[in-house]
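Notes to accompany the following structure.
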Amino acid sequence: MAIIKNGVNGTVSGKAGSVVFVLTKTGNYVRSLPRVKKREPTPEQLLSRTRFKIVRSHISMLNPIIKIGYKAYSYPKRAYDGAMSYNLNEALMQEGDGFVVDWKKFMVAKGSPNPITSYTMDFDQENGVLQVTWEYDAYLEKKFDTRSYDSFLVLYSAADNGVEYALLTNESKNSLISGKQDINIPEHTKEATYEVYIFFVESYGGGNTDSLHLGKIDV
């Protein structure tokens with residue numbers, strides 16, 4: 001909006017229609033407003049936006065876990081940014097004209113190497129309890145001093161299928177050397193498929209291990 005100072009015969013400043021009035025020490029000037037050029041995005045730009053949107057949707061949902069699992073890895077940057085960067089580069093694979101997430105490569109946590117060497121998953125559907133048991137590499141446990149790290153189970157329903165709970169974690173946490181961890185899964189009104197991950201966290205909030213994808217379960 002243009003402003004007239006000192007009446008109709010005074011100076012004018014501001015924007016009026018497609019021009020802008022500029023008041024300087026040497027006088028008044030009128031300039032045309034720059035034209036905004038709306039260019040159609042290139043195929044490469046559209047592809048990049050698609051990749052970003054896919055990863056962002058999952059990282060946003062997993063953000064409470066990401067804040068723990070990427071805290072040390074991303075410092076001094078935000079954990080969110082570290083998780084976005086890593087998974088954009090490592091966890092997408094092209095499928096047709098688009099991209100899909102490779103859940104085996106997707107990481108909900110980055111840190112020292114995950115020490116698990118073998119594991120089993122046993123889902124008690126009647127009681128809604130998933131139990132994970134594992135063996136671990138004693139050399140890695142000793143090297144990175146992860147003996148007392150707490151286990152962190154993460155169940156993530158990636159599909160938008162209307163389930164009541166899309167993200168689950170264990171409330172009580174066992175240590176790495178305990179070799180087992182349970183997690184309660186609430187009863188669902190619809191079937192859901194969960195991606196299952198596990199990583200280990202220093203109990204007083206220090207370091208953590210990489211996450212490990214254990215597979216899928218249907219509930």
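One-based numbering along the sequence shown. Just so it is clear, the structure is predicted and the values come from calculations on it, not from any experiment.
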Using a 4.5 Å cut-off on heavy atoms from C-beta on, say whether the side chain of Tyr149 contacts that of Lys173.
-> no

In this structure, NE2 of His58 is separated from CG of Asn63 (nearest 0.5 Å) by 14.5 Å

Flag, side chain of Thr117 to backbone of Glu135, donor-acceptor distance under 3.5 Å = yes

Is there a donor-acceptor contact under 3.5 Å from the side chain of Gln131 to the main chain of Asp122?
-> no

Heavy atoms only: give me the nearest Ser60-Tyr80 pair and the separation to one decimal.
-> OG-OH, 3.7 Å

Heavy-atom nearest pair, Phe106 first then Ser211, reads O-OG, 4.4 Å

Give the minimum heavy-atom separation between Thr209 and Ala109, together with the two atoms involved.
-> O-CB, 3.7 Å

Flag side-chain contact, heavy atom, 4.5 Å: Thr146 against Phe200 | no

So do Val55 and Phe99 actually touch side chain to side chain, heavy atoms under 4.5 Å?
-> no

When hydrophobic residues are tied together by side-chain contacts of less than 4.5 Å, even through go-betweens, does Met107 share a cluster with Leu140?
-> no

Should Phe144 and Ile116 be regarded as members of a common hydrophobic cluster, given that ILVMFWY residues are connected when their side-chain heavy atoms come within less than 4.5 Å of each other, either directly or indirectly?
-> no

Nearest-0.5 Å distance, CZ of residue Phe199 to CD1 of residue Ile65 | 6.0 Å

Is the side chain of Asn87 donor-acceptor paired with the backbone N or O of Leu92 at a distance under 3.5 Å, no angle test?
-> no

Got Glu191 and Asp218 here, is their nearest side-chain heavy-atom distance under 4.5 Å?
-> no

To the nearest 0.5 angstrom, please state how far the CG atom of Asn184 sits from the CG atom of Leu153.
-> 11.0 Å

Between Tyr119 (side chain) and Leu214 (backbone), is there a donor-acceptor pair under 3.5 Å?
-> yes

Is any side-chain heavy atom of Met93 less than 4.5 Å from a side-chain heavy atom of Val100?
-> yes

May I ask you to decide if Ile54's main-chain N or O and Ser57's side chain share a donor-acceptor pair within less than 3.5 Å?
-> yes

Side-chain contact, heavy-atom cut-off 4.5 Å: Leu168 with Pro186?
-> yes

In terms of side-chain heavy atoms, does Thr133 have a donor or acceptor partner in Thr120 at a distance below 3.5 Å?
-> yes

Step through the shown structure and confirm whether more than 12 heavy atoms of other residues, nucleotides or ligands are within 6.0 Å of CD on Glu171.
-> no

Yes or no on side chain to side chain contact (heavy atoms under 4.5 Å, CB included) for Val219 and Leu155, after CA distance, side-chain angles and deciding distance?
-> CA-CA 11 Å; Val219 300; Leu155 275 62; over 6 Å; no

Checking Asp81 side chain against Ser74 main chain: does a donor-acceptor pair fall under 3.5 Å?
-> no

Would you find a donor on one side and an acceptor on the other, under 3.5 Å apart, between the side chain of Ser178 and the backbone of Ser175?
-> yes

Check Asn89 against Arg51 and note the closest heavy-atom contact, atom names and distance.
-> N-NH2, 4.4 Å

Mind telling me whether Tyr70 and Tyr86 have parallel, tilted or perpendicular rings, with 30° and 60° as the class edges?
-> tilted

Does Val129 share a hydrophobic cluster with Val196, counting links as ILVMFWY side-chain heavy atoms below 4.5 Å and allowing steps through other members?
-> no

Value for CD1 (Ile68) from CG (Leu62), rounded to nearest 0.5 Å, stands at 11.5 Å

Point-to-point distance, once rounded to the nearest 0.5 Å, from CZ of Arg78 to NZ of Lys67 | 9.5 Å

Look at the side chain of Glu195 and the backbone N and O of Lys104, then say whether any donor-acceptor pair between them is shorter than 3.5 Å.
-> no

Just by modelled atom types, is the Gly111 backbone N or O under 3.5 Å from a matching donor or acceptor in the Asp210 side chain?
-> yes

Residue pair Leu130 / Tyr194, side-chain heavy-atom distance below 4.5 Å = no

Does Trp134 reach the main-chain N or O of Gln181 with its side chain, forming a donor-acceptor pair under 3.5 Å?
-> no

Between CD of Glu202 and NZ of Lys71, what distance do you get to the nearest 0.5 Å?
-> 10.5 Å

Would you say Ile59 and Ile66 make side-chain contact, with heavy atoms under 4.5 Å?
-> yes

